[in-house]
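First comes the structure, then the notes that go with it.
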Number of protein chains: 2
Amino acid sequence: MATVKDLFRDYLGKHGLKVTRQREIILEGFMGSPSHLSAEELYLRLRKDHPNIGYATVYRTMKLLADSGIASERHFGDRQTRYEPNTSDDHHYHLICNSCGRIIEFEDPKIEDLLQQTASDHHFTLSHQRLELYGLCPDCQAR
Amino acid sequence: MATVKDLFRDYLGKHGLKVTRQREIILEGFMGSPSHLSAEELYLRLRKDHPNIGYATVYRTMKLLADSGIASERHFGDRQTRYEPNTSDDHHYHLICNSCGRIIEFEDPKIEDLLQQTASDHHFTLSHQRLELYGLCPDCQAR
DNA sequence: GATAAATTGAACATCATTTTCATTTCAATT
DNA sequence: AATTGAAATGAAAATGATGTTCAATTTATC
């Protein structure tokens with residue numbers, strides 16, 4: 001089976017780009033971290049084991065991961081761009097706690113259908129979608 | 001009936017803030033412009049008739065409009081924060097063309113119900129939500 | 001109208017991200 | 001294994017949206 005690493009190598013090859021030590025390290029670091037990290041957060045994590053990896057390289061590589069379809073860019077409330085690995089069963093949405101920042105993912109085929117229907121009604125062809133619910137999680141309500 | 005202007009004055013008064021010429025000009029400019037303008041775009045528009053209004057003042061006032069509930073901040077694909085007037089019949093969503101940037105608003109009570117249901121399932125109390133569909137509008141598909 | 005507190009505008013600060021550019025690395029070839 | 005040209009790297013500087021500072025001005029209240 002094609003691993004994510006293979007996918008990335010493929011993508012690089014087909015675009016005249018090179019497989020480098022840094023890109024492999026960054027991909028591994030990304031796959032082995034919790035989802036929704038920002039480029040900076042990933043940089044800080046990688047730094048421990050790889051103090052020689054540059055800030056800009058992490059930014060550049062995250063863009064490549066997004067371009068290659070391995071990751072998706074996400075924007076939540078704050079300023080930073082966050083990345084999450086793309087799963088094959090694509091569409092999921094987010095439930096975000098305003099207080100503790102907890103992020104819960106969920107899916108809903110019924111919602112998905114309705115969204116697709118709406119797009120069709122307006123004669124749009126959809127590329128991607130964003131759905132986020134913000135509120136207080138049970139724990140934070142308790143306080 | 002209370003106009004938006006009255007609402008804003010009220011808000012300012014109750015918070016020990018002052019009604020100034022600039023704030024009134026900015027509010028009027030905002031209400032008289034297409035929705036989804038960024039602070040910078042509004043600044044550029046206002047500048048024509050009011051060359052003496054400062055950049056920072058527009059930013060500050062837009063924040064006030066958001067705080068007072070008159071406007072809502074929105075983040076679409078790009079970096080800029082955009083503002084839209086708050087209507088009383090709150091929840092609507094956005095359909096955005098990747099190519100020409102056109103923004104279409106829509107509502108859907110069925111979707112709204114499903115979202116509310118999802119939040120309940122996770123014992124979340126919702127504060128706000130964000131739903132955006134990105135794709136190509138009919139015109140841009142034609143090209 | 002005097003007064004104190006809030007606001008303004010211009011310049012500067014900030015924060016995430018991007019770009020520049022000299023140096024290094026990769027990969028295809030001799 | 002050495003050559004070579006294109007692409008990548010890292011450090012520093014640039015960028016772009018937004019925030020903040022501070023002296024000068026304006027507003028609301030007395």
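Order of the sequence lines sets the chain letters (A, B, ...), proteins ahead of strands, with each chain counted from 1. Quantities reported herein were computed from a predicted structural model and do not represent experimental measurements.
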**Message:** OP1 or OP2 of D:dA8 versus the side-chain N and O atoms of A:R23: is any pair under 4.0 Å?
**Reply:** yes

**Item:** Mate of D:dA1 where both pairing distances stay under 3.5 Å, Watson-Crick or G-U
**Value:** C:dT30

**Request:** Go through D:dA17, C:dT8, C:dT17 for me and flag the one nearest to the A:Y59 side chain.
**Result:** C:dT17

**Check: A:M62 and A:I26 side chains under 4.5 Å, non-hydrogen atoms** = yes

**Prompt:** Does OP1 or OP2 of D:dG19 have a side-chain N or O of B:K63 closer than 4.0 Å?
**Reply:** yes

**Message:** Taking A:H123's backbone N and O only, do any of them form a donor-acceptor pair with B:Q141's side chain (distance below 3.5 Å, no angle check)?
**Reply:** yes

**B/S/- contact track for nucleotides 19-30 of chain C, protein heavy atom under 4.0 Å** = BB-----BS---

**Item:** Comparing B:R79 and B:T61 on DNA chain C - which has the more 5′ nearest nucleotide
**Value:** B:T61

**Asked** Below 4.0 angstrom, N of the basic side chain to O of the carboxylate: do B:D67 and B:K63 qualify?
**Response** no

**Prompt:** Can you tell me how far P of C:dC15 sits from CD of A:E41, to the nearest Å?
**Reply:** 15 Å

**Asked** Do A:H36 and A:F76 have their ring centres less than 6.0 Å from each other?
**Response** yes

**Asked** Starting at CD of B:E24 and ending at P of C:dT8, how long is that distance when rounded to a whole Å?
**Response** 11 Å

**Value in whole Å for how far the C1' atom of D:dT9 lies from CG of A:L46** = 15 Å

**Prompt:** A:I53 has an atom CD1; how far is it from atom C1' of D:dA11, in whole Å?
**Reply:** 15 Å

**Message:** Main chain of B:E41, side chain of B:S38: is a donor-acceptor contact present, judged purely on distance under 3.5 Å?
**Reply:** yes

**Fill in**
Contacts of A:R74 meeting side chain to side chain donor-acceptor pair (under 3.5 Å) (sequence neighbours excluded), chain-then-number -> A:E84

**Prompt:** Taking OH from A:Y55 and C1' from D:dA11, how many angstroms apart are they, rounded to a whole number?
**Reply:** 13 Å

**Asked** Does the side chain of A:E24 reach to within under 4.5 Å of the side chain of A:V19, using non-hydrogen atoms?
**Response** yes

**Asked** Between C:dA16 and A:S38, is there an OP1 or OP2 to side-chain N/O distance shorter than 4.0 Å?
**Response** no

**Asked** Taking OP1 and OP2 of D:dA8, is either one under 4.0 Å from a side-chain nitrogen or oxygen of A:T57?
**Response** no

**Asked** What integer distance in Å separates B:N52:CG from C:dA10:C1'?
**Response** 14 Å

**Prompt:** Taking CD from B:E40 and P from D:dG19, how many angstroms apart are they, rounded to a whole number?
**Reply:** 14 Å

**Message:** Distance check needed: D:dA11 P versus A:R47 CZ, whole Å only.
**Reply:** 10 Å

